[in-house]
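Values below: every heavy atom of this structure, side chains too, minus hydrogens, waters and symmetry copies.
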Amino acid sequence: MMKYILILIITLTNCIARSQDHPSIPFDENTFNLKSSLSSAAGPLQHITNQIKNLGLNDTQKLFLIAGWMYDNIAFDVEKFEKGEATLPAYQSVLSSRKGICTDYAVLFAAFCNQFKITNELVEGYVQELGAPRTAFKETNHIWNIVKLGDQWFHCDLLWMSGGITETRGYIDFRKKLDKNVFLTQSRSFIRTHIPADPMWQLSGYPLAIEHLVHQTAASKELNSTDSLNYTAAINTYIKLNQQAKKLMFAENAFKYNKDNGKIIVITYYNAAVDILNKHTQDKKQLTLAKNYLLKSKQHLPYCGTDTSALEKSINSILKTLP
């Protein structure tokens with residue numbers, strides 16, 4: 001049986017109301033500092049979560065304590081950052097190595113949240129890269145977490161909370177320094193540095209257009225917004241989907257929001273087709289769906305802005321095998 005190859009879309013290297021700012025949850029220093037009472041020894045995630053359960057904390061306090069534990073025990077992986085590795089790892093590998101880049105921090109924090117049944121999602125988006133000017137973003141380059149407490153969502157960037165990347169004479173370094181402003185926040189200042197690829201994660205009925213976030217003017221100047229958005233309904237729809245459907249909804253929303261990132265829809269639909277073809281080789285309905293996905297991927301190739309001849313050749317080759 002022929003196996004087709006997935007193409008990675010995430011290229012991770014290394015979010016705004018119309019008027020009044022949204023709040024953040026005040027940083028809980030006392031609970032954060034309980035981190036010293038947790039074991040730092042290597043072991044399964046449940047070993048750590050059991051210790052947290054025994055403390056009788058509410059969900060918000062649990063998140064601050066998890067953040068504290070990660071601040072003390074997870075280090076930035078400069079080598080992986082420089083290689084530009086892009087895959088989403090298994091959280092167990094992060095727990096074992098105790099180091100990583102944004103993807104690693106995000107999947108481990110998500111695993112902690114899942115252990116405590118705290119609703120959470122990964123948010124893929126855009127940040128200004130080290131030393132780079134603010135220009136059009138042609139692909140996403142960062143990932144972070146968002147959690148639901150009560151009926152409110154809050155952004156959490158565990159990597160940025162832990163410190164910042166610097167470059168001196170060509171050498172990359174990571175300076176450990178606690179940033180309380182990027183944890184459990186809805187603030188517009190966070191959105192200005194973390195642009196969600198899907199605008200529903202701006203948590204605003206009037207999300208700002210990406211060009212206003214990329215080419216920022218003075219903070220005091222009123223910025224125009226995109227069309228109004230019922231982000232609550234959009235998020236409620238999204239979280240009920242399976243992982244494949246989430247990827248497709250994300251790709252559609254991300255491309256509509258940022259036409260400079262054509263790759264997001266091309267690769268997502270290509271990968272969805274490949275996934276079907278590798279699993280449902282005899283199902284005519286699924287094969288037709290895969291064909292439609294490939295045709296959609298091919299249709300958007302002109303929006304990629306890069307040489308797509310190899311990908312187009314692959315798509316055409318696969319299409320020839322389909323009924």
Side-chain angles (χ1 to χ4, degrees), residues 10 12 15 22-28 31-32 35 38 44-46 48-50 52-53 57-71 73-74 87-95 100-125 127 140 142-162 179-187 190-191 194-204 231-247 249-250 253-254:
I10 304 175
L12 300 165
C15 265
H22 288 305
S24 300
I25 292 179
F27 199 87
D28 186 346
T31 306
F32 182 85
K35 55 192 170 71
L38 301 179
L45 188 69
Q46 196 167 1
I48 304 164
T49 57
N50 283 342
I52 297 175
K53 289 176 182 178
L57 306 175
N58 61 37
D59 284 348
T60 304
Q61 291 172 319
K62 289 172 185 174
L63 293 177
F64 277 107
L65 184 48
I66 292 165
W69 187 90
M70 289 185 61
Y71 181 82
N73 292 280
I74 306 300
T87 56
L88 283 175
Y91 79 83
Q92 293 90 340
S93 66
V94 187
L95 197 58
I101 57 173
C102 60
T103 48
D104 303 277
Y105 279 79
V107 297
L108 180 57
F109 186 69
F112 272 114
C113 291
N114 292 337
Q115 283 283 315
F116 292 111
K117 295 180 171 52
I118 298 173
T119 302
N120 69 96
E121 295 289 341
L122 299 181
V123 179
E124 193 174 338
V127 297
T140 59
H142 194 51
I143 194 166
W144 62 94
N145 305 85
I146 191 163
V147 299
K148 190 177 185 182
L149 295 170
D151 61 354
Q152 296 288 312
W153 290 88
F154 297 90
H155 293 280
C156 302
D157 189 337
L158 276 293
L159 174 58
W160 281 41
M161 184 203 74
S162 299
D179 185 348
K180 303 175 184 179
N181 298 314
V182 294
F183 189 73
L184 291 179
T185 182
Q186 299 176 337
S187 73
F190 183 89
I191 302 297
H194 295 65
I195 307 172
D198 187 333
M200 71 180 183
W201 294 122
Q202 289 190 32
L203 307 178
S204 170
Y231 71 91
T232 302
I235 292 173
N236 287 340
T237 297
Y238 179 83
I239 63 177
K240 294 175 184 177
L241 300 175
N242 61 40
Q243 287 303 313
Q244 187 63 277
K246 282 183 177 180
K247 291 177 183 179
M249 179 178 170
F250 166 71
N253 291 346

If I take atom CZ from residue F112 and atom NZ from residue K62, how far apart are they, to the nearest 0.5 angstrom? 13.0 Å
Counting heavy atoms not belonging to K247, are there more than 12 under 6.0 Å from its NZ? no
Checking side chain to side chain contact (heavy atoms under 4.5 Å, CB included) for the pair L184/L149: CA distance, chi angles, key distance, verdict? CA-CA 9 Å; L184 291 179; L149 295 170; 4.0 Å; yes
P196 versus V123, closest heavy-atom pair with distance: CB-CG1, 4.0 Å
To the nearest 0.5 Å, what is the distance between OG1 (T119) and CD1 (I146)? 11.5 Å
Rounded to the nearest 0.5 Å, how far apart are CG of N145 and CZ of F109? 5.5 Å
Do L65 and D28 pass the side chain to side chain contact (heavy atoms under 4.5 Å, CB included) test, and can you show the C-alpha distance, the side-chain angles, and the key distance before you say yes or no? CA-CA 9 Å; L65 184 48; D28 186 346; over 6 Å; no
Within-4.5 Å side-chain heavy-atom neighbours: L203 and H155: yes
Nearest atoms (heavy-atom pairs only) where L63 meets C113: CD2-SG, 3.8 Å
Would you call the rings of F27 and F64 parallel, tilted or perpendicular, taking 30° and 60° as the class edges? perpendicular
Check whether any side-chain heavy atom of H194 sits under 4.5 Å from a side-chain heavy atom of W160, and report yes or no. yes
For L122 and A110, work out which heavy atoms get closest and say how close. CD2-CB, 4.2 Å
I48 versus L95: any side-chain heavy-atom pair under 4.5 Å? yes
Give, for atom NZ of K246 and atom CD of E121, the distance between the pair rounded to the nearest 0.5 Å. 3.5 Å
Identify the heavy atoms of P199 and N253 that sit nearest to each other, and give their distance. CD-O, 4.1 Å
Assess whether side chain to side chain contact (heavy atoms under 4.5 Å, CB included) is satisfied between L159 and W144, documenting all intermediate values. CA-CA 8 Å; L159 174 58; W144 62 94; over 6 Å; no
Over all heavy atoms of both residues, which pair between Y91 and V107 is shortest? Give the atoms and the distance, please. CB-O, 3.8 Å
Could you check if a side-chain atom of Q202 sits within less than 4.5 angstrom of a side-chain atom of Y231, using non-hydrogen atoms only? no
Within-4.5 Å side-chain heavy-atom neighbours: F183 and L158: yes
Minimum heavy-atom distance I74-V94, with the two atoms named: CD1-O, 4.3 Å
Hey, mind stepping through Y238 and F250 against ring-ring contact (aromatic ring centres under 6.0 Å, His included) and telling me if it holds? CA-CA 9 Å; Y238 179 83; F250 166 71; 7.9 Å; no
Dump the intermediate steps for side chain to side chain contact (heavy atoms under 4.5 Å, CB included) on H142 and D157, then the final yes or no. CA-CA 10 Å; H142 194 51; D157 189 337; 2.7 Å; yes
Qualifying residues under side-chain hydrogen bond (donor to acceptor under 3.5 Å, both in side chains), relative to N114, sequence neighbours excluded: N120
Which distance, rounded to the nearest 0.5 Å, do you find between the CE of M200 and the CE of M249? 4.5 Å
Please identify each residue that fulfils side-chain hydrogen bond (donor to acceptor under 3.5 Å, both in side chains) with Q152, with sequence neighbours left out. Q186
Once you round to the nearest 0.5 Å, how far does CG of L38 lie from CH2 of W69? 9.0 Å
